[in-house]
Amino acid sequence: MSRLDALHEHLPAGVVVHGADGRILSANRLAQELLGRSEAQLLGLEASSAAWQLLREDGSVMPADEFPANRVLRTGEKLAGLVAGVAGPDGVTWLLCNAYPEYDEAGLPRQVVVCFTDCTALKRTQESLEKSEKRLRLVLKGSTDAPWDWDLVSGEVYYSERWWNMLGYRAGEESADPGAWRRMLHPDDDPMITAYLAELLPSGRDGYSLEFRLRHRDGHYVPVLSRGYVLRDSSGRPVRMSGVNTDLTERKRTERRIYELAYFDHLTGLPNRRFLLEELEHVLARGERSGQYSALLYLDLDNFKLLNDTMGHDMGDLLLRQAAQRLRATVRHSDELARLGGDEFVVVLEGLGGTPAGAAAEADRVVGKILAALGQSYQLGTVLFRSTASIGIALFGGHGTNIETLLKQADLAMYRAKADGRGVARFFDPSMQDAADRRAAFEAAMRDGLSLGQFRLFCQPQFDCHGNLTGGEVLVRWQRGAELLGPDHFIGFAEESGLILPLGEHVLKESCRALARWDGDATLGQLKLAVNVSVHQMRDPEFPERVARILDVTGAPPGRLYLELTESVFAEDVQEITRRMFELRARGICFALDDFGTGYSSLAYLQRFPLSALKIDRSFVRNLGIDPGSASIVEAIIALARKFELEIVAEGVELEAQRSFLTHGGCSSLQGFLLGRPVPMAEFEHAYSAAGVGHA
């Protein structure tokens with residue numbers, strides 16, 4: 001082997017020599033390895049598509065005239081840096097090729113030397129980088145984030161197209177000099193950015209995240225979140241910052257909307273109870289520092305429920321919005337104003353003075369303005385509506401004040417204003433708290449009494465004109481220890497506190513159990529049983545279903561159950577009350593109208609409601625034989641009942657003369673002390689069962 005041949009064999013590159021006809025004349029050992037063929041297979045092999053499958057750098061098939069040897073033979077020029085792929089059974093080997101011609105004495109290419117090295121790994125790396133770059137371009141194209149880059153050494157700043165678009169510009173429309181972003185920074189954010197960078201860059205931290213505002217082309221400022229990376233050299237010195245800006249406009253808008261929903265009333269736009277409670281904490285803290293007194297005003301619009309019931313909730317909402325506008329215009333910007341719900345508003349007046357007397361005088365002055373503003377007529381669509389407000393006032397300092405107690409005190413004072421005639425204001429007095437505490441204790445005792453079964457049923461008999469027992473009226477008593485309380489002591493409070501609902505259900509259940517017990521008795525099984533029903537029970541949409549369940553559970557016959565209503569029920573939503581009455585009447589239950597002639601009496605009600613009986617109020621019965629007017633009223637009621645084919649029951653019969661007048665006048669049933677006093681249900685059953693039926 002010659003020295004040249006030995007050199008070829010040990011070159012770190014493949015070397016193939018082609019003759020003038022393109023056929024291979026020689027190939028060193030590395031060329032054989034890279035091409036995947038032996039020397040015997042390579043020698044004499046032509047540079048054609050039939051012998052070789054070469055690929056261009058982009059992966060497409062390389063035609064034969066582009067093969068390195070053929071190009072040099074055709075052009076006579078050197079070839080450098082060509083990347084070609086050689087397809088083989090084990091895949092593609094990528095080669096970096098250089099080729100040059102050797103000429104004969106005539107100057108014609110005698111042969112071509114092709115040298116090549118393996119660049120497969122480099123090619124794979126390049127392809128991987130290209131894929132990554134493509135993915136990155138797609139991600140950035142589909143992302144709303146705006147990339148940027150800042151060379152801290154040269155000061156050069158790169159702004160992406162998206163960076164400009166976020167601010168309303170097209171790329172290239174504005175000067176993209178290094179200071180562009182700083183000029184667009186909100187003036188209030190500039191000190192913050194300066195301080196942040198002064199702390200970040202020397203700190204050694206790599207990542208960062210902060211919010212600031214950049215000026216939009218339209219003049220408004222865009223809130224952005226900037227997040228990125230700080231590149232540092234081997235000594236830790238920052239040399240580059242790169243990151244993305246995210247437009248926070250939508251997020252800020254959503255956060256604001258969530259905040260408004262959580263802290264503001266959607267109807268009036270005023271702060272709500274939650275906002276008020278949090279702000280009161282700050283008011284108390286400021287008051288403690290300043291030593292100044294403040295006042296909490298609790299406002300309630302008078303007769304608001306009547307407006308809602310008679311003119312509809314749309315009119316009620318309109319009134320609330322207008323009232324809120326008037327309150328805004330009346331109080332100071334520094335005062336707190338909130339809507340608690342319904343028609344209740346709260347105003348907090350701060351800095352009223354250093355003494356209670358001075359603070360009360362200042363609060364009274366503001367309250368006068370508020371009452372005057374809210375007392376003006378309201379234009380509700382085409383209706384001119386007059387309304388007033390009742391206001392409770394609680395003064396407070398910063399020290400030792402409890403917010404819930406403060407609200408309760410102002411609420412109590414507001415109810416005092418209601419009781420004193422409405423359209424006025426009242427300051428909280430400690431005696432109100434004493435009364436409220438007593439009410440709370442009484443309510444707790446009533447709740448305990450219900451759970452312990454202290455409310456007992458009594459029954460007063462009813463007789464016809466011949467003295468025969470026809471029914472009874474259920475009355476409730478409270479056995480509070482050794483004391484037996486009548487309904488006058490607790491029914492009014494039960495209606496105010498809402499306890500009338502569980503109490504009424506208890507009475508109804510026990511009454512139906514009694515009817516079920518009587519069903520097997522020859523005498524008691526023929527009686528009707530009247531049970532008083534509160535207007536609060538009739539307001540409950542589920543009341544008919546509750547009554548039906550009680551009847552099903554107890555097995556009481558519905559046809560002998562009379563529900564007695566007072567005329568106050570006619571002041572409610574007549575349409576809803578009527579619907580519930582007919583629903584109950586369809587189940588066989590009867591209705592009696594109690595205290596007829598003392599309230600909202602109307603002949604239309606007798607036609608409209610499914611009534612079975614009228615009860616003459618005891619006030620008319622008591623004056624029979626004394627007041628000729630009462631006798632005329634009783635006669636008219638009896639005649640009216642006959643006309644509408646209703647039973648007529650007179651209550652409060654205590655004298656024989658009253659009994660005689662009523663029986664001769666045609667009254668169908670009588671009830672009163674003359675005939676029988678209310679007795680416990682067990683005594684009533686014992687006295688009037690078939691074993692010993694009583695007579696009046």
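Position 1 is the first residue of the sequence, and the numbers go up from there.
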Flag the pair Tyr378 / Leu318 as yes when at least one side-chain heavy-atom distance between them is below 4.5 Å, and no otherwise.
-> no
Keeping the roles fixed (side chain from Tyr103, backbone from Gly76), state whether a donor-acceptor pair exists under 3.5 Å.
-> yes
Are Leu231 and Ser242 side-chain neighbours, meaning at least one heavy-atom pair lies under 4.5 Å?
-> no
Determine whether the side chains of Thr194 and Arg182 contain a donor N or O and an acceptor N or O closer than 3.5 Å.
-> yes
4.5 Å side-chain heavy-atom contact, Cys97 and Leu79 = no
Is the Trp163 ring parallel, tilted or perpendicular to the Tyr159 ring (thresholds 30°, 60°)?
-> tilted
Could you walk me through whether Glu344 and Arg273 pass salt bridge (Lys or Arg N to Asp or Glu O under 4.0 Å), step by step?
-> CA-CA 10 Å; Glu344 295 176 331; Arg273 182 185 182 88; over 6 Å; no
Take Arg23 and Ser48, measure what side-chain hydrogen bond (donor to acceptor under 3.5 Å, both in side chains) needs, and give me the verdict at the end.
-> CA-CA 9 Å; Arg23 294 181 180 276; Ser48 67; over 6 Å; no
Output for pair (Leu276 CG, Leu270 CG), nearest 0.5 Å, gives 11.0 Å
Angle class for the Phe275/Tyr263 ring planes (parallel below 30°, perpendicular above 60°, tilted otherwise)?
-> perpendicular
Validation row: Glu362, Val367 side chains within 4.5 angstrom (heavy atoms) | no
Do Glu211 side-chain atoms and Pro223 backbone N/O form a donor-acceptor pair below 3.5 Å?
-> no
Charged N to carboxylate O under 4.0 angstrom, Arg240 versus Asp149?
-> yes
Between the side chains of Trp148 and Asn245, does any donor sit under 3.5 Å from an acceptor?
-> yes
Charged N to carboxylate O below 4.0 Å: is that the case for Glu105 and Arg110?
-> no
Going by heavy atoms in the side chains, are Val244 and Pro147 under 4.5 Å from each other?
-> yes
How many angstroms lie between atom CD of Glu173 and atom CG of Asn165, to the nearest 0.5 angstrom?
-> 10.0 Å
Would a 4.5 Å heavy-atom cut-off, applied to side chains only, mark Arg215 and Leu167 as touching?
-> no
Decide yes or no on side chain to side chain contact (heavy atoms under 4.5 Å, CB included) for Val346 and Leu297, but give the supporting numbers first.
-> CA-CA 5 Å; Val346 166; Leu297 316 182; over 6 Å; no
Give a yes or no on whether the backbone of Gly353 and the side-chain of Gln292 come within a donor-acceptor separation of less than 3.5 Å.
-> yes
For residues Ser226 and Tyr208, is any side-chain donor paired with an opposing acceptor at under 3.5 Å?
-> yes
Can you check whether Arg321 reaches Leu319 side chain to side chain, under 4.5 Å on heavy atoms?
-> no
For Arg286 and Glu350, run salt bridge (Lys or Arg N to Asp or Glu O under 4.0 Å): C-alpha distance rounded to whole Å, both residues' side-chain angles, the deciding distance at 0.1 Å, then the answer.
-> CA-CA 9 Å; Arg286 289 194 292 268; Glu350 286 192 74; 2.8 Å; yes
Has Arg74 got its NZ or CZ under 6.0 Å from the middle of the six-membered ring of Phe67, at an angle within 45 degrees of the ring axis?
-> no
Could you tell me the separation between the CG atom of Asp335 and the CZ atom of Arg332, rounded to the nearest 0.5 Å?
-> 4.0 Å
Starting from the C-alpha separation in whole Å, work towards a yes-or-no answer on side chain to side chain contact (heavy atoms under 4.5 Å, CB included) for Arg227 and Thr246.
-> CA-CA 8 Å; Arg227 293 167 292 181; Thr246 303; 3.1 Å; yes
Can you find a heavy atom in the side chain of Val114 that is under 4.5 Å from one in the side chain of Val15?
-> no
Take Arg213 and Asp190, measure what salt bridge (Lys or Arg N to Asp or Glu O under 4.0 Å) needs, and give me the verdict at the end.
-> CA-CA 9 Å; Arg213 291 161 291 180; Asp190 195 290; over 6 Å; no
Looking at Trp94, does the NZ or CZ of Arg56 lie under 6.0 angstrom from its six-membered ring centre and within 45 degrees of the ring axis?
-> no
When rounded to the nearest 0.5 angstrom, what distance separates CG in Asp411 from CG in Asp300?
-> 8.5 Å
Tightest non-hydrogen contact, residues Ala389 and Leu374, listed as CB-CD1, 3.7 Å
Glu404/Lys408 ion pair, N-O < 4.0 Å | no
